[in-house]
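Atoms considered below: every heavy atom in the structure, side chains included; atoms not considered: hydrogens, waters and symmetry mates.
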Amino acid sequence: TSKSLKMNKAIVKKEEDLIQNIISQDSLHNYITSSDGFWYFYNTKQESDTKTPKVGDEVEFDFNLLTLKGDTIYSQKDLGERAYIIDKEELFTGLRQGLKLMKEGETVTFLFPSHQAYGYYGDNDKIGTHIALKSKVTLNKIKSKTK
């Protein structure tokens with residue numbers, strides 16, 4: 001319906017304005033806008049390595065999930081190290097796309113509007129409806145499927 005479409009557009013605009021406000025107040029970091037509709041900066045960047053994960057590669061990573069204000073929803077310890085096969089397993093959209101931008105050993109902080117995170121449904125636990133997230137992700141290892 002056009003009513004829910006208008007509401008969703010308003011939610012997206014509100015979240016994106018909030019994220020832009022956070023970015024404008026953060027003079028320490030250089031944010032990059034992803035073509036997928038989220039923002040990120042490098043905590044640790046690998047200049048020499050050029051390899052990013054491809055579809056079917058397995059990655060091992062650590063991450064946390066915070067509110068945009070920086071309050072912890074799930075700590076890195078809560079979530080533990082994860083293994084994930086690129087585009088072959090369930091992972092929320094923003095994180096799935098974000099991992100593809102990373103190289104081994106990099107740590108990146110992402111700002112995800114809710115439509116790139118858990119959207120309308122949340123995670124049925126600590127993340128409610130339409131919650132934008134901040135996430136600090138470290139890509140520990142890329143295991144290529146082609147050996």
(message) Pair Val137, Leu99 - check side chain to side chain contact (heavy atoms under 4.5 Å, CB included), show working.
(response) CA-CA 8 Å; Val137 181; Leu99 284 165; 3.9 Å; yes
(request) Give the C-alpha distance, both sets of side-chain angles, the deciding distance and a yes or no for side chain to side chain contact (heavy atoms under 4.5 Å, CB included) between Leu68 and Leu18. (result) CA-CA 8 Å; Leu68 289 182; Leu18 184 61; 3.6 Å; yes
Could you grab the distance from atom [atom1] of [X] to atom [atom2] of [Y], nearest 0.5 Å is fine?
{"X": "Ile86", "Y": "Ile142", "atom1": "CD1", "atom2": "CD1", "result": "8.0 Å"}
{"X": "Glu16", "Y": "His115", "atom1": "CD", "atom2": "NE2", "result": "5.0 Å"}
{"X": "Leu95", "Y": "Lys100", "atom1": "CG", "atom2": "NZ", "result": "11.0 Å"}
{"X": "Tyr42", "Y": "His29", "atom1": "OH", "atom2": "NE2", "result": "13.5 Å"}
{"X": "Ser75", "Y": "Asn64", "atom1": "OG", "atom2": "CG", "result": "7.5 Å"}
{"X": "Leu111", "Y": "Ile23", "atom1": "CG", "atom2": "CD1", "result": "5.5 Å"}

Got [X] and [Y] here, is their nearest side-chain heavy-atom distance under 4.5 Å?
{"X": "Phe41", "Y": "Ile32", "result": "no"}
{"X": "Leu66", "Y": "Asp71", "result": "no"}
{"X": "Lys45", "Y": "Glu47", "result": "yes"}

(message) For Phe63 versus Arg82, what's the shortest heavy-atom pair and its separation?
(response) CE2-CG, 3.7 Å
(request) Provide the closest heavy-atom pair for Glu60 versus Lys143 in the form atom of the first, atom of the second, distance. (result) OE2-NZ, 2.9 Å
(message) Regarding Arg96 and Asp87, does a basic nitrogen lie under 4.0 Å from an acidic carboxylate oxygen?
(response) yes
(request) May I have the step-by-step check of side chain to side chain contact (heavy atoms under 4.5 Å, CB included) for Ser144 and Lys51, ending in yes or no? (result) CA-CA 10 Å; Ser144 297; Lys51 192 175 109 181; 3.3 Å; yes
Are [X] and [Y] close enough that a side-chain donor and a side-chain acceptor fall under 3.5 Å?
{"X": "Glu15", "Y": "Ser114", "value": "yes"}
{"X": "Asp36", "Y": "Gln116", "value": "no"}
{"X": "Thr109", "Y": "Asn43", "value": "yes"}
{"X": "Lys54", "Y": "Thr52", "value": "yes"}

(message) The test is side chain to side chain contact (heavy atoms under 4.5 Å, CB included); show your working for Glu81 and Asn140 and say whether it passes.
(response) CA-CA 9 Å; Glu81 185 178 64; Asn140 301 317; 2.7 Å; yes
(request) Using the rule that two of Ile, Leu, Val, Met, Phe, Trp, Tyr join whenever any of their side-chain heavy atoms come within less than 4.5 Å, decide whether Leu91 and Ile85 are in one cluster. (result) no
(request) Verify the cluster assignment for Val108 and Ile22: are they in a single hydrophobic cluster under the rule of side-chain heavy atoms below 4.5 Å apart? (result) no
(request) Under the salt bridge (Lys or Arg N to Asp or Glu O under 4.0 Å) rule, what do Glu58 and Lys141 come out as? Steps first, then yes or no, please. (result) CA-CA 8 Å; Glu58 185 178 343; Lys141 194 166 190 66; over 6 Å; no
(message) So if I apply the side chain to side chain contact (heavy atoms under 4.5 Å, CB included) rule between Pro113 and each of Val12, Ile11, Ile19, which one comes out positive?
(response) Ile19
(request) Apply salt bridge (charged side-chain N to carboxylate O under 4.0 Å, His left out) to Asp17 and list each qualifying residue two or more places apart in sequence or on a separate chain. (result) Lys13
(request) Could you tell me which residues satisfy ring-ring contact (aromatic ring centres under 6.0 Å, His included) with Phe110, sequence neighbours excluded, listed by chain and number? (result) Phe38, Tyr40, Phe112
Would you give me the side-chain donor-acceptor pairs under 3.5 Å for residues 124-133, sequence neighbours excluded?
{"residue": "Asp125", "atom": "OD2", "partner": "Tyr74", "partner atom": "OH", "Å": "3.2"}
{"residue": "Lys126", "atom": "NZ", "partner": "Ile73", "partner atom": "O", "Å": "3.4"}
{"residue": "Thr129", "atom": "OG1", "partner": "Tyr120", "partner atom": "O", "Å": "3.1"}

(request) Check whether any side-chain N or O of Lys103 sits under 3.5 Å from a backbone N or O of Asp49 as a donor-acceptor pair, and report yes or no. (result) yes
